[in-house]
Number of protein chains: 2
Amino acid sequence: MSITLRDISKALNISVSTVSRALTDSHEIGEETKQKVLAYAKEHHYVPNRMARSLKVGKTRSIGVVICSIDNNFVAQMLDGIDQICTENGYQIIIMQSKESYEQEQACINLLHASGVDGIMISPSYQTTDFSHLKELQSQGFPVVLFDRISEKMTAHKIAANNLSGAYQATTHLISNGYTRIAHLNSNATLTTTAERFEGYKKALEDHGINYQEELVAFCDTAQQIDQSVADAMEQLLKQQPQAIFTATDLLSTKVLAYLMEHKFTVPKDIALIGFSNSDLAAVLNPSLSTVRQPSRQIGELAAQTLISLIKGKDIGPEETILLDTELQIRKSSGS
Amino acid sequence: MSITLRDISKALNISVSTVSRALTDSHEIGEETKQKVLAYAKEHHYVPNRMARSLKVGKTRSIGVVICSIDNNFVAQMLDGIDQICTENGYQIIIMQSKESYEQEQACINLLHASGVDGIMISPSYQTTDFSHLKELQSQGFPVVLFDRISEKMTAHKIAANNLSGAYQATTHLISNGYTRIAHLNSNATLTTTAERFEGYKKALEDHGINYQEELVAFCDTAQQIDQSVADAMEQLLKQQPQAIFTATDLLSTKVLAYLMEHKFTVPKDIALIGFSNSDLAAVLNPSLSTVRQPSRQIGELAAQTLISLIKGKDIGPEETILLDTELQIRKSSGS
DNA sequence: TTGTACGCGTTATCAT
DNA sequence: ATGATAACGCGTACAA
């Protein structure tokens, strides 16, 4: 371990409190002693003990981040944004994975809270339908921010992409490429995220005079057995002979592309494809994948910013939902 | 915050230490009082204050993980492995990014150490050539494990892929596909990782009677301006009219593929390609990318396992380097 | 079996 | 401007 305040105080024959004041740059301290302390501290590589300070002040300057999985391009990008803001503001992040399990998510939240994090930001698992645990924390004045996947079941500061307009744009793009039989593959989660992408799809059809057909839509179990679920859904959808598919999540997009390739479909000739995806490899996929790209880093940054403001007790107004615009990236998979 | 031991002790009219003993399941405690305490604790959602405990026992049950960037497929997979082992063993991980900067790496190490982590596992930045900082910590008895990118400049427990054999296999595969003018693109880092992949390449050529030609090899600055560096290197290499390229890192592999596509090369007809990569999307790339795949999760798991053993003071023998076998995944980009 | 007292390293509140 | 002291919540040696 490092040296402590007392080590310094003994070595310099001054009191612990004086040393503390010197190091915290207090105004009630003599310039001379201050320099003496600072010099000694630097020479002996003094680093304040975070544990002790945290215990004393009741804050840890750490933030809990709960996500479904770290091994996910899009999530990693958000984490990068979160990390940058937190580092800039002197906060440490503790990342925990729910692995799309509600139980594990609860465990994460409990552990984080017990660890004394100053606040929690969470992108709920697809399984999560009950937010009472989070609500309870929140009602005790504990700062909570929802990001990416948000829900209407909870009142809180929420940051996410504008899923409705993103889905609308993607569907409209397919329509303007001449497709009318457009299938839609989505998650079966009960999150706002899911619902809004579905809404965007329907709205685009409606606005362009295309009848919505239930048979052209499938909802996959994205929490478990995703491969099997996608295969089942695709088999179902393909019976309806769609001309194009709009997939609603990163994972679904690439899995569908892989499925189509495996089953010898030529994209976009046999069937066109556009999907939500943030993979940097979309451009080098086979064929290059047209995507709705979410502002992942900004979502992370803004969410972190918001949580830190909350922690610092700044008045940032009532809980509100901030939606960031997506970006339509047209490549080959969606036809000409 | 939660309730404390004292809250319980007051409510039950017993001393704090008795409560503490009840909750730590000490043997010197009456069954009756123990149940009483446990019941009360559960009812009031008592969670021990980690800060206070850490301060007391001098251990935090947390581990620092330093990596180049969280926004990297391969790294995320390793982190996933690390997280799993740590969660199983009741350790929290604190992830910090060096962003391939030596200064930032030092800052991470300092911050982690100051945070009181029980040990550090690190995959050094490409810039890192000086390990004295880590060595000093280590010499003070602080547990350190190197993983993924390892260096001979430091004695420590090290876990990585068998880069030499991986590179050898990839090069040999190209040779057996009939290519003799095989270029090699690598990082310019001074890590063992880099050197061994280069060695594997050279050894494969030698073993198959192909002369090594310096002009067919280029080292990119993978720490900064990687795009420009790759473009420069490719321009240089292509002048030598290689029949195939073997790239030595995840990032280089996909960047080279993108470069070749952009410059209208047909892969593998004009030029064949094989590279180190752990992207799950390699199979859906255009063309599907032949790869040397590293056992990312296992590297993470084993490294975490090792560090935890070190922390617990188990005798796991002298510092040694463990190399895990890579897997050759042959797809279309490397020819027939 | 239970209680008392102290200390971990820091900051805050009093005095001086 | 500086020092003494208490307190944060917990664990433990010692006493009872």
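Reminder, nothing fancy here: chain letters follow the sequence lines and each chain counts from 1.
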Roughly, in whole Å, what's the span from CG in Asp7(B) to P in dC8(D)? 10 Å
Go through the N and O atoms of the side chain of Lys56(A) and the base of dA7(D), and report whether any donor-acceptor pair is under 3.5 Å. yes
Ranking Leu55(B) and Asn13(B) by the position along DNA chain C of their nearest nucleotide, the one closer to 5' is Asn13(B)
Examine the side chains of His133(B) and Asn110(B) and answer whether a donor and an acceptor come within less than 3.5 Å of each other. yes
Quick one: does Glu100(A)'s side chain have a donor or acceptor within less than 3.5 Å of a partner on Tyr126(A)'s backbone? yes
Selected nucleotide, minimal atom distance to Glu28(B) side chain, candidates dT10(C), dG3(C), dT2(C): dT2(C)
Just to confirm, is there a sub-4.0 Å distance from OP1 or OP2 of dC8(D) to any side-chain nitrogen or oxygen of Arg6(B)? yes
Distance below 4.0 Å between Tyr46(A) side-chain N/O and dG9(C) OP1 or OP2: no
Between the side chains of Ser132(B) and Asp130(B), does any donor sit under 3.5 Å from an acceptor? yes
Would you kindly give the CD1-to-C1' distance between Ile14(B) and dA16(D), to the nearest whole Å? 17 Å
Report the distance from atom CD of Glu31(B) to atom P of dT2(C), rounded to the nearest whole Å. 10 Å
Counting any heavy atom closer than 4.0 Å, what does Leu5(B) reach on the DNA or RNA strands: base, sugar-phosphate only, or nothing? sugar-phosphate
Return the nearest nucleotide to the side chain of Ser20(B); candidates are dG11(D), dG3(C), dA6(D). dG11(D)
Which listed nucleotide (dT2(D), dG9(C), dG3(C)) is nearest to the side chain of Asn49(A)? dG9(C)
Would you mind telling me which of dA4(D), dC10(D), dT10(C) lies closest to the side-chain atoms of Pro48(A)? dT10(C)
Decide salt bridge (charged side-chain N to carboxylate O under 4.0 Å, His left out) for Lys135(B) and Glu319(B); before the verdict, give the C-alpha distance in whole Å, the side-chain angles of both, and the deciding distance to 0.1 Å. CA-CA 13 Å; Lys135(B) 280 187 197 164; Glu319(B) 281 97 353; over 6 Å; no
Tell me the interatomic distance from Asp25(A), atom CG, to dT11(C), atom P, rounded to whole angstroms. 13 Å
OP1 or OP2 of dG3(D) less than 4.0 angstrom from a side-chain nitrogen or oxygen of Ser17(A), does that happen here? no
When all nucleic acid strands are considered with a 4.0 Å heavy-atom cut-off, which category describes Ser54(A): base, sugar-phosphate, or nothing? nothing
Please tell me which of the listed nucleotides, dT2(C), dT11(C), dG9(D), lies nearest to the side chain of Arg53(A)? dT11(C)
side-chain N/O Thr18(A) vs dG3(D) OP1/OP2, d < 4.0 Å: yes
Rounded distance in Å - NZ (Lys59(A)) to C1' (dA12(C)): 17 Å
Sugar-phosphate only, base, or nothing, as touched by Arg21(B) at under 4.0 Å among non-hydrogen atoms: base
How long is the line joining NZ of Lys10(B) and P of dG9(D), in whole Å? 10 Å
Looking just at side-chain N and O atoms, do Gln97(B) and Asp71(B) make a donor-acceptor pair shorter than 3.5 Å? no
Would you kindly say whether Thr24(B) and Ser26(B) are connected by a side-chain donor-acceptor distance under 3.5 Å? no
Does a side-chain N or O from Thr33(A) land closer than 4.0 Å to OP1 or OP2 of dT2(D), or not? yes
